[in-house]
There are 2 protein chains.
Amino acid sequence: MSTTKLAVVPPSRISDETLRNFLGYQLKRSFNVIQADLAKTLKPFDLRMLTFTALVFIVDNPGMSQSQLADAMDIERPNLVVIIDELEQRELIVRDRVKTDRRMYALKATLAGKRLCKKAVAADKAHEARLLAGIDKETRKNLMSTLEVLSSHLQNRNEDLT
Amino acid sequence: MSTTKLAVVPPSRISDETLRNFLGYQLKRSFNVIQADLAKTLKPFDLRMLTFTALVFIVDNPGMSQSQLADAMDIERPNLVVIIDELEQRELIVRDRVKTDRRMYALKATLAGKRLCKKAVAADKAHEARLLAGIDKETRKNLMSTLEVLSSHLQNRNEDLT
DNA sequence: CCAAATAGTTACATAACATAACTATTTGTG
DNA sequence: CACAAATAGTTATGTTATGTAACTATTTGG
């Protein structure tokens with residue numbers, strides 16, 4: 001049997017047995033699917049995952065600062081600037097100067113921002129419900145609590161290091 | 001009490017209660033931490049997450065094609081080209097033309113590629129062990145199997161749609 | 001025989017992310 | 001009280017990941 005005959009791997013025999021043991025790999029596989037579907041879900045609202053997350057944080061925490069939001073979103077402060085710029089330009093949020101500390105802004109959602117947020121959150125809920133259809137309620141619950149444990153553990157580790 | 005006094009949110013009161021219910025949010029939080037640490041872990045090998053994943057797949061599946069690898073990695077084929085170019089240029093892999101189908105290559109790891117892969121896999125294992133230290137064995141096992149269920153479910157859904 | 005499909009590529013655009021360096025302002029210490 | 005250090009936000013820039021259009025070369029199927 002010549003080696004060229006075996007040169008091509010049949011599709012069914014592609015193995016990810018090494019990678020499958022890595023948490024990062026499993027997270028990325030799942031996250032890829034969810035992220036792609038979320039991009040489609042948010043597109044009608046002219047939102048992306050980062051602008052959506054920022055808006056939700058601001059709606060839930062009126063008066064938070066840009067530094068706090070960057071921390072909460074786990075992104076660098078310079079990268080937040082364009083996100084806030086975009087939400088402000090669309091009149092979904094406002095940057096209010098803080099009288100007691102003129103370096104900082106208090107971020108607040110406008111009425112339009114709150115409304116858009118509500119709709120986008122509902123759409124996101126539906127998108128996740130669709131993706132998880134076929135997984136029973138008990139398993140979903142276990143999934144969410146397991147991920148909560150994981151992300152809390154990792155966040156705590158991160159904070160200890162800084 | 002004037003509104004300016006309440007303008008600033010105390011750090012301890014930032015709430016992510018809306019976002020915390022989203023699977024995508026939880027996955028992203030965890031994935032952010034793992035990805036940042038993995039970038040540091042792979043840097044001494046001059047690898048990134050994508051080049052590492054590609055190399056592992058090729059080592060485990062000698063002879064696989066670029067199309068198969070793109071599918072396995074869930075990326076678009078044009079984006080695989082620079083990844084394969086880089087691994088080839090470093091002489092970690094080779095692109096062998098397939099005699100029976102001159103459109104395609106059979107990708108194979110070189111000895112140097114296999115060696116680097118082995119070291120990088122060990123380093124990745126250690127990085128994940130470090131990140132998960134403090135989580136007991138039973139919880140880790142549950143975590144991995146839960147994520148396996150999730151990513152299999154989502155991959156199956158994706159394949160059904162295409 | 002040839003249209004359709006496939007494998008791989010080039011070119012390009014967008015978005016996410018990291019870092020250096022800056023201005024304006026506040027804080028803390030000697 | 002003066003001022004160095006720290007903080008909040010910003011500009012500029014580079015790197016990486018990702019998506020899409022259009023292309024060439026080759027194979028497939030009717």
Side-chain angles (χ1 to χ4, degrees), chain A residues 7-9 11 24 28-29 31-40 42-43 46-54 63-88 93-107 162, chain B residues 7-9 11 24 28-29 31-40 42-43 46-54 63-88 93-107 162:
Chain A
V8 183
V9 180
K28 184 158 173 62
R29 272 164 61 93
F31 186 59
N32 273 5
V33 177
I34 290 181
Q35 183 177 41
D37 200 82
L38 184 58
K40 288 174 191 156
L42 294 177
K43 204 178 180 81
D46 199 11
L47 290 172
R48 307 184 306 284
M49 181 176 257
L50 288 185
T51 49
F52 169 74
T53 301
M64 81 187 307
S65 70
Q66 288 186 202
S67 294
Q68 288 176 319
L69 182 53
D71 280 347
M73 291 177 68
D74 191 26
I75 65 178
E76 302 294 339
R77 284 178 292 137
N79 299 328
L80 187 65
V81 176
V82 295
I83 293 168
I84 298 303
D85 281 349
E86 185 181 326
L87 293 176
E88 188 181 42
I93 67 163
V94 294
R95 274 165 160 125
D96 284 341
R97 280 292 185 187
V98 176
K99 273 177 177 169
T100 51
D101 188 334
R102 291 202 303 270
R103 292 174 297 180
M104 66 172 36
Y105 299 106
L107 301 169
T162 39
Chain B
V8 183
V9 180
K28 184 158 173 61
R29 274 163 59 94
F31 185 59
N32 273 3
V33 177
I34 291 181
Q35 183 177 42
D37 200 82
L38 184 57
K40 289 174 189 157
L42 294 178
K43 202 176 181 83
D46 200 10
L47 289 171
R48 308 184 306 281
M49 182 177 255
L50 288 184
T51 50
F52 169 74
T53 302
M64 82 188 307
S65 70
Q66 288 185 203
S67 294
Q68 288 177 317
L69 183 52
D71 281 347
M73 289 178 70
D74 190 27
I75 65 177
E76 302 294 338
R77 283 178 292 137
N79 299 326
L80 185 65
V81 175
V82 295
I83 294 169
I84 298 301
D85 281 350
E86 184 181 326
L87 294 176
E88 187 181 46
I93 68 162
V94 294
R95 276 166 159 124
D96 285 341
R97 280 293 185 187
V98 175
K99 273 176 178 168
T100 51
D101 188 333
R102 290 202 304 271
R103 290 174 298 180
M104 66 173 34
Y105 299 106
L107 302 169
T162 35

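Predicted model only: the values in this text are computed from it and were never measured. Proteins come first, then strands; the chains are lettered A, B, ... in the order of their sequence lines, and each starts at number 1.
Proximity of A:Arg102 to the phosphate of C:dA24: no side-chain N or O atom is located under 4.0 Å from OP1 or OP2. Neither OP1 nor OP2 of C:dA24 sits under 4.0 Å from any side-chain N or O of A:Tyr105. Taking side-chain N and O atoms only, B:Ser67 has a distance below 4.0 Å to OP1 or OP2 of C:dG8.
Rounded to an integer number of Å, the gap from B:Met49 CE to D:dT15 C1' is 17 Å. The CZ-C1' distance, from B:Arg95 to D:dA25, rounds to 15 Å in whole Å. Note: CG (A:Asp96) to P (D:dG9) measures 13 Å, nearest angstrom. Summarising the geometry, the separation between CZ on A:Arg103 and P on C:dT27 is reported as 6 Å, rounded to the nearest angstrom. To the nearest angstrom, C1' of D:dA17 lies 13 Å from CG of B:Leu80. Whole-Å rounding puts the A:Arg48 CZ to C:dA16 C1' distance at 9 Å. One interatomic measurement links the two molecules: CD of B:Gln66 to P of D:dA25, which rounds to 17 Å at whole-angstrom precision. When the C1' atom of C:dA16 is taken as reference, atom CG of A:Asp85 falls 16 Å away, rounded to whole Å.
Without hydrogens or angle criteria, B:Thr53 side chain to B:Leu50 main chain gives no donor-acceptor distance under 3.5 Å.
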Please list each protein N or O that sits under 3.5 Å from an N or O in nucleotides 17-19 of chain C, with the distance.
residue	atom	partner	partner atom	Å
C:dC17	OP1	B:Lys28	NZ	2.9
C:dA18	N7	A:Asn79	OD1	3.2
C:dA18	N7	A:Asn79	ND2	2.9
C:dA18	N6	A:Asn79	OD1	3.1

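Taken from CZ in A:Arg29 to CG in A:Asn32, the straight-line distance is 9.5 Å, to the nearest 0.5 Å. Here the straight-line distance linking atom CZ of B:Phe31 with atom CD1 of A:Ile34 works out to 12.5 Å at 0.5 Å rounding. A distance of 4.5 Å separates CZ in A:Arg95 from CG in A:Asp85, rounded to the nearest 0.5 Å. Taken from CG in B:Leu69 to CG in B:Leu80, the straight-line distance is 5.0 Å, to the nearest 0.5 Å. In this structure, CD1 in B:Ile93 is found 5.5 Å from CG in B:Leu107, a value given to the nearest 0.5 Å.
You'll find the side chain of A:Val82 stays beyond 4.5 Å of the side chain of A:Thr51, heavy atoms only.
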